[in-house]
Amino acid sequence: MTDRPPEQPTRGERARDRAVRIDSSPRLVEAIERLRRRLPGDDRLGDDLSTAGRDPVAFAGRELTALEPDRPSAVQGLGLGALQLWQALSEKSGRGHGDRPVAILFTDLVDFSKWALEAGDELAVQLLREVGTVLSDEIGDHHGEIVKRLGDGLMAVFDEPQDAVEAALDGVAGLAAIEIDGHTPRMRAGIHFGTPRRLGGDYLGVDV
């Protein structure tokens, strides 16, 4: 019985291995990281927090970081740097929020948890759906954007404080028409005007 010679890698396999070695080169990866720190925008774009939104940059960032999750990658770094720059330019031209002042609206329902414990899940979910429809309509009608839903409340942002106030007041009035098993929800609202930092699909900072 004779030993078979080991199979030699094909030209394509050798080229692929060489490309991977170059792409994973620590010096190259570090150089790209230094470049990203000098670019405008979020130089940490690519983590879970910064890519949690639904905008094109967040979507592209999630897809890009999923390509090579187990090793440093120069190509990935360049791609994220391009998205970082795109996001910064978009915010500067007014298509993002960035450091632009916004009115932040928070809402919640009075004693919802206590009522839901007695009413049960089915009625609680029905109530939240009807409340959500009313508030979504009012926020949209007043040029606002829902950032996230928080159980029985939500967070939204507006360009103008007056729009936020009117959306909240109209929302309170709209909820008065809802009745689930004899219960009509009551809503609290708080508004602050400031310059929070937009990160991914969320807003962060002391103003929030």
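All figures in this text were calculated on a predicted structure; none of them were measured in a lab. Residues: numbered from 1 along the sequence shown.
Rounding to the nearest 0.5 angstrom, the gap separating the CG atom in Asp47 from the OG1 atom in Thr65 is 9.0 Å. Annotation: the span from Leu45 atom CG to Leu80 atom CG amounts to 6.0 Å, rounded to 0.5 Å. Rounding to the nearest 0.5 Å gives a distance of 12.5 Å between CG of Leu85 and CG of Asp42. Remark: Lys148 NZ to Tyr203 OH distance equals 11.5 Å, nearest 0.5 Å.
Side-chain atoms of Asp23 never come within 3.5 Å of backbone atoms of Ser73 as a donor-acceptor pair (strictly under, hydrogens ignored).
Nearest heavy atoms, Ala156 versus Ile139: CB-CD1, 3.9 Å. Nearest approach of Asp202 to Val147, heavy atoms of both residues: OD1-CG1, 3.6 Å. The shortest non-hydrogen separation linking Leu109 to Pro185 is CD2-CB, 4.3 Å. Taking both residues in full, the closest heavy atoms of Ile191 and Ala168 are given as CD1-CB, 4.5 Å, listed atom of the first, atom of the second, then distance. Shown here for Ala103 and Ala164, the closest heavy-atom pair between the two residues is CB-CB, 3.9 Å. In plain terms, the two heavy atoms of Gln76 and Leu64 that are nearest each other are NE2-O, 3.2 Å.
Contact of the Arg100 side chain with the Thr195 side chain is not registered, since no non-hydrogen atoms from C-beta on lie closer than 4.5 Å.
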Identify each donor-acceptor pair in which a side-chain atom of residues 126-136 lies under 3.5 Å from a protein atom, sequence neighbours left out, and give them as a table.
{"from": "Thr133", "atom 1": "OG1", "to": "Arg129", "atom 2": "O", "distance (Å)": "3.1"}
{"from": "Ser136", "atom 1": "OG", "to": "Gly132", "atom 2": "O", "distance (Å)": "2.8"}
{"from": "Ser136", "atom 1": "OG", "to": "Arg149", "atom 2": "NH2", "distance (Å)": "2.8"}

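For residues 109-120, there are no salt bridge (charged side-chain N to carboxylate O under 4.0 Å, His left out) pairs, not counting sequence neighbours. Legend: ring pair (Phe, Tyr, Trp, His ring centres under 6.0 Å) pairs involving residues 123-172, not counting sequence neighbours: none detected. Judged as a salt bridge (charged side-chain N to carboxylate O under 4.0 Å, His left out), the pairs with a partner in residues 183-195 (not counting sequence neighbours) are, in order, Asp108-Arg188. The salt bridge (charged side-chain N to carboxylate O under 4.0 Å, His left out) analysis of residues 28-38, with sequence neighbours excluded, yields the pairs Glu30-Arg34. Within the structure, the ring pair (Phe, Tyr, Trp, His ring centres under 6.0 Å) test picks out no pair touching residues 32-51 (sequence neighbours left out).
Arg18 is linked by a side-chain contact (heavy atoms from CB on, under 4.5 Å) to Arg21, Ile22, counting only residues two or more places apart in sequence or in another chain. With sequence neighbours excluded, the residues satisfying ring-ring contact (aromatic ring centres under 6.0 Å, His included) with His183 are Trp115. Every residue was checked against the salt bridge (Lys or Arg N to Asp or Glu O under 4.0 Å) condition with Asp141, not counting sequence neighbours, and none meets it. Looking at residues two or more places apart in sequence or on another chain, you find a side-chain contact (heavy atoms from CB on, under 4.5 Å) between Glu13 and Pro9, Thr10, Arg16.
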What verdict does the side chain to side chain contact (heavy atoms under 4.5 Å, CB included) test give for Met155 and Leu150, after you've listed the backbone C-alpha separation in whole Å, the side-chain angles of each residue and the deciding distance to 0.1 Å?
CA-CA 7 Å; Met155 173 185 174; Leu150 305 163; 4.3 Å; yes
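Taking hydrophobic clusters as Ile, Leu, Val, Met, Phe, Trp and Tyr residues chained together by side-chain heavy-atom distances below 4.5 Å, Met187 shares a cluster with Ile180. Val157 and Ile146 are not part of a single hydrophobic cluster, where members link through side-chain heavy atoms under 4.5 Å apart. Note: the hydrophobic cluster containing Leu169 also contains Ile178 (ILVMFWY, side chain heavy atoms under 4.5 Å, direct or indirect links). One hydrophobic cluster, built from ILVMFWY side chains closer than 4.5 Å, cannot hold both Val102 and Leu154; they sit in different ones. When hydrophobic clusters are built by joining Ile, Leu, Val, Met, Phe, Trp and Tyr residues whose side-chain heavy atoms come closer than 4.5 Å, directly or via intermediates, Leu105 is grouped together with Leu175.
For Arg197 and Asp207, the salt-bridge test fails: no basic side-chain N is under 4.0 Å from an acidic carboxylate O.
Grouping Ile, Leu, Val, Met, Phe, Trp and Tyr by side-chain contacts under 4.5 Å, direct or through others, leaves Val110 on its own. Under a 4.5 Å side-chain heavy-atom cut-off, the cluster of Ile, Leu, Val, Met, Phe, Trp and Tyr residues that includes Val29 has no other member.
Residue-environment remark: CD (Glu166) exceeds the threshold of 12 foreign heavy atoms within 6.0 Å. Atom CD of Gln162 sits in a sparse spot, with 12 or fewer heavy atoms from other residues, nucleotides or ligands closer than 6.0 Å.
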